[in-house]
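Everything below concerns the one structure shown next.
Whatever order the structure lists ligands and atoms in, that order sets their numbers, starting from 1.
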Amino acid sequence: MSEHRDLTIHGQWSSRWTFVLAAAGSAVGLGNIWKFPYITGENGGGAFVLVYLVCIALIGLPIMMAEIMIGRRGRHSPINTMRILSQKEGASPHWKYIGWMGVIAGFLILSYYSVIAGWALAYVFRAAGGMFTGASAEQVGTIFSTLTDSSERLLAWHTLFMVMTMIVVARGVKSGLEQAVRFLMPALFVILILLVGYAMTTDSFMRGLHFLFDPDFSKITGAGILIAMGHAFFTLSLGMGAIMVYGSYMPQNASIASTSLIIVGADTLVALLAGMAIFPVVFANGLEPSSGPGLIFQTLPVAFGQMPGGSFFGTLFFILLVFAAWTSSISLIEPAVAWLVENHGMSRVSASVWAGAAAWLVGLGTVFSFNEWSDVTLFGKHFFDLLDFLTANIMLPLGGLLIAIYAAWVMTREVSRDELAMERPVLFGLWRACIRYVAPAAVTIVFLNAIGVLGG
Ligand code: TRP
């Protein structure tokens, strides 16, 4: 191990624990609390959840280890890391296009992520103002549609959230963030448990659990499997270089396997808790599980409106949701910002402003897709749905597939063995089997299956 490998021009996490916090902060976000419940509702529940969990274990975990490993070995932005490592391994320089695709995917995801995070911001004030106290599901529905019908409001919250993201990225992902994640993540966890506790008091708790954990395979389609797999990438921040760039700031002596396991475990737990909190409330109030992106914004306020201290807990919940989204959004542009700093000698501040402004602009499409442009569709999807489908279900799995192939077939066995430094050879063998055969085959099969379904 040569000396210079421990250094990057961007600095390094102060400890292994900081890396875990930052990566978990990136993974846990709107994907867990907003997206997981609504796509589970749209795709029929249990069977979808099972496919998602299998994808997390067989594809997500091994690819997360691969991304961290590549990042830490390359010690640069994903684009340059792929270029430099390929040069060393005598492989084609074209592998750097994985980095490029990731930068583009990150922009596109951030563009709509910020709009949805804007909803959460808006809800902080609605909860604090007591608007949900005693509100019926119908009244909460009106509060939600009043927000999304107004392009001015969505634009204002989207702009505020994007500025928040730019500020943290400009200051450097390491400062400030460490402290924030340290106590916010446990707080989010506690409040989710509290919500599950409330869900237990409704008479629909068991029905919610059945919906989530009782698989009915007649309800799953090829497209549903693709969405479940895409979500495994999305929720773990994989396939576009976010975890890779965080890995490039990771200390050399930290264990990649055990940190990945902690991150994946925490992320999955948060998603399942969110599902257990939401579906009982959905059923108890006669709401539709398949009502789409508005699901949590239309159901959780009903719960807060009924429970004692609901305004307080509701406000706290949406504040924590904003923070969870914040620690995720910064990882979406970090690969681009790191590259701008490395290749264009930009300061972090101007790199963040340019990158954030570009994502903000694309975000206007999502803002309008909920109101002015809601009739403008392609393949029956409006702008937001199309963008989400293209990024989460196509670009991320494709990026992940290429990363797996790179880690397994381009990097040598010796390099990955040294870098992962796993204590038990059996586990290393297992990882290598997953990354070499299982993950690439699974992604390919899911893609082909979905295309077959689309073709009739
Ligand atoms: N994982 C985050 C969530 O679940 C979103 C996210 C952050 C992400 N960085 C990413 C998704 C990189 C894909 C790629 O909310």
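Ring pair Y406/W95: centre-to-centre distance below 6.0 Å. W34 has its ring centre less than 6.0 Å from the ring centre of Y38.
For the pair K381 and F389, the cation sits on the ring face: its NZ or CZ lies under 6.0 Å from the ring centre, inside 45° of the axis. Judged by the 6.0 Å and 45° rule, R436 forms a cation-pi pair with W409.
Screening Y123, F323, F125 against F318 for a ring-ring contact (aromatic ring centres under 6.0 Å, His included) leaves a single residue, Y123.
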Could you list, one pair per line, each nitrogen or oxygen of ligand 1 together with any protein nitrogen or oxygen closer than 3.5 Å, giving atom names and the distance rounded to 0.1 Å?
| from | atom 1 | to | atom 2 | distance (Å) |
| --- | --- | --- | --- | --- |
| ligand 1 | 1 (N) | S26 | O | 3.2 |
| ligand 1 | 1 (N) | A27 | O | 3.1 |
| ligand 1 | 1 (N) | F234 | O | 2.8 |
| ligand 1 | 1 (N) | T235 | O | 3.2 |
| ligand 1 | 1 (N) | S237 | OG | 3.0 |
| ligand 1 | 4 (O) | A27 | O | 3.0 |
| ligand 1 | 4 (O) | G31 | N | 3.3 |
| ligand 1 | 4 (O) | N32 | OD1 | 3.4 |
| ligand 1 | 9 (N) | S237 | OG | 3.2 |
| ligand 1 | 9 (N) | S331 | OG | 2.9 |
| ligand 1 | 15 (O) | L30 | N | 3.1 |
| ligand 1 | 15 (O) | G31 | N | 2.7 |
| ligand 1 | 15 (O) | Y113 | OH | 2.5 |

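Using modelled atom types, one finds a donor on one side chain and an acceptor on the other under 3.5 Å when comparing S114 with H158.
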